[in-house]
There are 2 protein chains.
Amino acid sequence: MILTKTSQYAVRVLTYMIQSDLRVFSAHHLIKALSIPDKYLRQLLTTLSKAGFIKSIRGREGGYVLARNPDKIRLSDIIEVIDGMERYERCLLGFPSCSDDNPCSLHRKWAPLREQMLHFLRETTLDEIRQNDITKF
Amino acid sequence: MILTKTSQYAVRVLTYMIQSDLRVFSAHHLIKALSIPDKYLRQLLTTLSKAGFIKSIRGREGGYVLARNPDKIRLSDIIEVIDGMERYERCLLGFPSCSDDNPCSLHRKWAPLREQMLHFLRETTLDEIRQNDITKF
DNA sequence: TTAAATTACTACGACGGTATAGCATATCAG
DNA sequence: CTGATATGCTATACCGTCGTAGTAATTTAA
């Protein structure tokens with residue numbers, strides 16, 4: 001798969017939160033709503049909190065709140081924190097030195113596609129995703 | 001990364017063989033020429049042999065020979081044998097049911113890109129790669 | 001015939017991604 | 001103040017990918 005499961009989970013959680021009218025989401029609520037494994041999502045939520053995407057509110061009545069201005073969050077921002085973007089930027093055959101000037105045998109055909117893919121990841125924001133009005137999480 | 005290392009190795013081995021004037025390649029030769037870990041490449045060569053991409057010749061003076069008509073070998077044929085193509089065909093967010101009629105929130109923007117990527121993997125043949133005249137393996 | 005050169009098979013270990021479990025910590029309703 | 005409801009931290013296990021190691025089987029040059 002292109003994204004790791006963890007990145008998929010992260011994107012799903014944040015898109016779910018941004019399109020909902022609620023403000024505070026408990027881990028329990030998100031686990032039920034998104035059918036993501038309990039303990040695993042809890043860890044992920046802590047990661048997203050530390051990364052500044054959401055803010056945690058501890059104690060009774062606590063939960064998670066979107067932190068940043070969500071239209072500013074890009075897919076690549078999320079992926080960078082979870083898996084790192086580097087894997088999507090590399091040469092398809094794994095050469096560290098592959099470039100226009102020193103291409104591998106697939107570079108000429110692959111590089112433009114890769115650029116499109118990176119553009120997609122870097123320019124797609126959560127706000128834009130919300131505007132699709134999709135309720136599949 | 002987009003391709004697994006094993007798939008990268010497989011593509012590199014086959015492109016190397018197809019562009020060379022030699023006919024028989026020993027594992028030892030390929031390991032030196034491509035700087036791929038010894039035992040790991042030997043396993044891979046056996047896999048490629050069983051899959052019919054190459055033919056093994058055992059015993060002294062033995063090695064591997066390209067089996068099929070190489071212009072017929074597509075990137076997706078190689079990947080299918082090593083990792084399976086399924087991971088490249090799936091929904092970006094991992095939904096099993098994602099489609100034009102029942103899209104996830106990224107489908108509209110992602111699906112066309114995925115199609116281009118799949119077209120690239122399915123239509124690029126080793127013969128076409130050879131014509132690039134690149135000697136980076 | 002024999003030794004060298006070669007591929008084939010199988011087991012093992014390291015590592016990262018995924019998932020589970022238990023206990024610690026924090027906060028507030030009552 | 002206390003119990004209930006939350007999140008935070010850490011250890012463990014599983015699985016697939018990647019890599020290593022040793023031994024067996026095969027063929028041919030000499």
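Chain letters run A, B, ... following the sequence lines, proteins first, then strands; residues in each count from 1. Small disclaimer: the values here were computed from a predicted structure and weren't measured.
With B/Tyr16 as reference, B/Phe137 is the one residue of B/Phe137, B/Tyr64, B/Tyr9 to meet the ring-ring contact (aromatic ring centres under 6.0 Å, His included) rule.
The phosphate of D/dT7 (OP1 or OP2) has no side-chain N or O of A/Ser56 nearer than 4.0 angstrom. Phosphate proximity of D/dT17 to B/Thr6: absent, as no side-chain N or O sits under 4.0 Å from OP1 or OP2. Checking the phosphate oxygens (OP1, OP2) of D/dT12, no side-chain nitrogen or oxygen of A/Tyr40 falls inside 4.0 Å. OP1 and OP2 of C/dT6 both lie 4.0 Å or more from every side-chain N or O belonging to B/Tyr64. The phosphate of C/dT18 has neither OP1 nor OP2 within less than 4.0 Å of any side-chain N or O from A/Arg42. Look at A/Thr46 and you'll find a side-chain N or O under 4.0 angstrom from OP1 or OP2 of D/dG8.
Regarding B/Glu86, its CD atom lies at a distance of 15 Å from the C1' atom of D/dG16, rounded to whole Å. When the P atom of C/dT6 is taken as reference, atom CD1 of B/Ile31 falls 11 Å away, rounded to whole Å. In this entry the distance linking CG of A/Leu30 with C1' of D/dA6 reads 13 Å, nearest Å. Between B/Lys32 atom NZ and C/dA5 atom C1' the separation is 16 Å, expressed in whole Å. Between A/Leu41 atom CG and D/dG8 atom C1' there is a gap of 14 Å when expressed in whole angstrom units. Straight-line distance from the CG atom of B/Asp83 to the C1' atom of D/dC18: 12 Å, rounded to whole Å. Atom OH of B/Tyr9 and atom P of D/dC18 are 8 Å apart (whole Å). In this structure, B/Ile57 atom CD1 and D/dT27 atom P are separated by 11 Å, rounded to whole Å.
Counting atom types as modelled, B/Arg58 pairs a side-chain N or O with a base atom of C/dT7 as donor and acceptor under 3.5 Å. For D/dG22, the base has a donor-acceptor partner in the side chain of B/Lys39 [N/O atoms by modelled type, under 3.5 angstrom]. Between the side chain of B/Gln43 and the base of D/dT20, at least one donor-acceptor pair of N or O atoms lies under 3.5 Å. A donor N or O paired with an acceptor N or O is not found under 3.5 Å between the base of D/dG19 and the side-chain atoms of B/Lys5.
Proximity of B/Leu14 to B/Ile129: side-chain heavy atoms (C-beta onward) are nowhere separated by under 4.5 Å. B/Leu106 has its side chain within reach of A/Leu75: a pair of non-hydrogen atoms, C-beta onward, lies under 4.5 Å apart.
The side chain of A/Ser26 approaches D/dT7 more closely than any other nucleotide in the set D/dT26, D/dT7, D/dC9. Here the nucleotide nearest the side chain of A/Pro37, chosen from D/dG8, C/dC9, C/dA19, is C/dA19. If you check D/dT26, C/dT18, C/dA29 against the side chain of A/Thr4, the one that comes closest is C/dT18.
In terms of modelled atom types and a separation under 3.5 Å, the side chain of B/Ser35 and the main chain of B/Ile31 share no donor-acceptor contact.
Using a 4.0 Å heavy-atom criterion, one finds that A/Lys50 contacts the sugar-phosphate atoms exclusively.
Summary of the strand contacts: B/Ile82 and B/Arg60 both lie near DNA chain D, and taking for each the nucleotide with the nearest heavy atom, the more 5' one is attributed to B/Ile82. The nearest heavy atom of DNA chain D to B/Glu61 and to A/Leu45 marks one nucleotide each, and the one closer to the 5' end goes with A/Leu45.
Figure legend: B/Lys136 and A/Phe95 shown as a cation-pi pair, the cationic atom lying under 6.0 angstrom from the six-membered ring centre and within 45 degrees of its axis.
Salt bridge status for B/Arg114 with B/Glu89: absent, with no side-chain N to carboxylate O gap under 4.0 Å.
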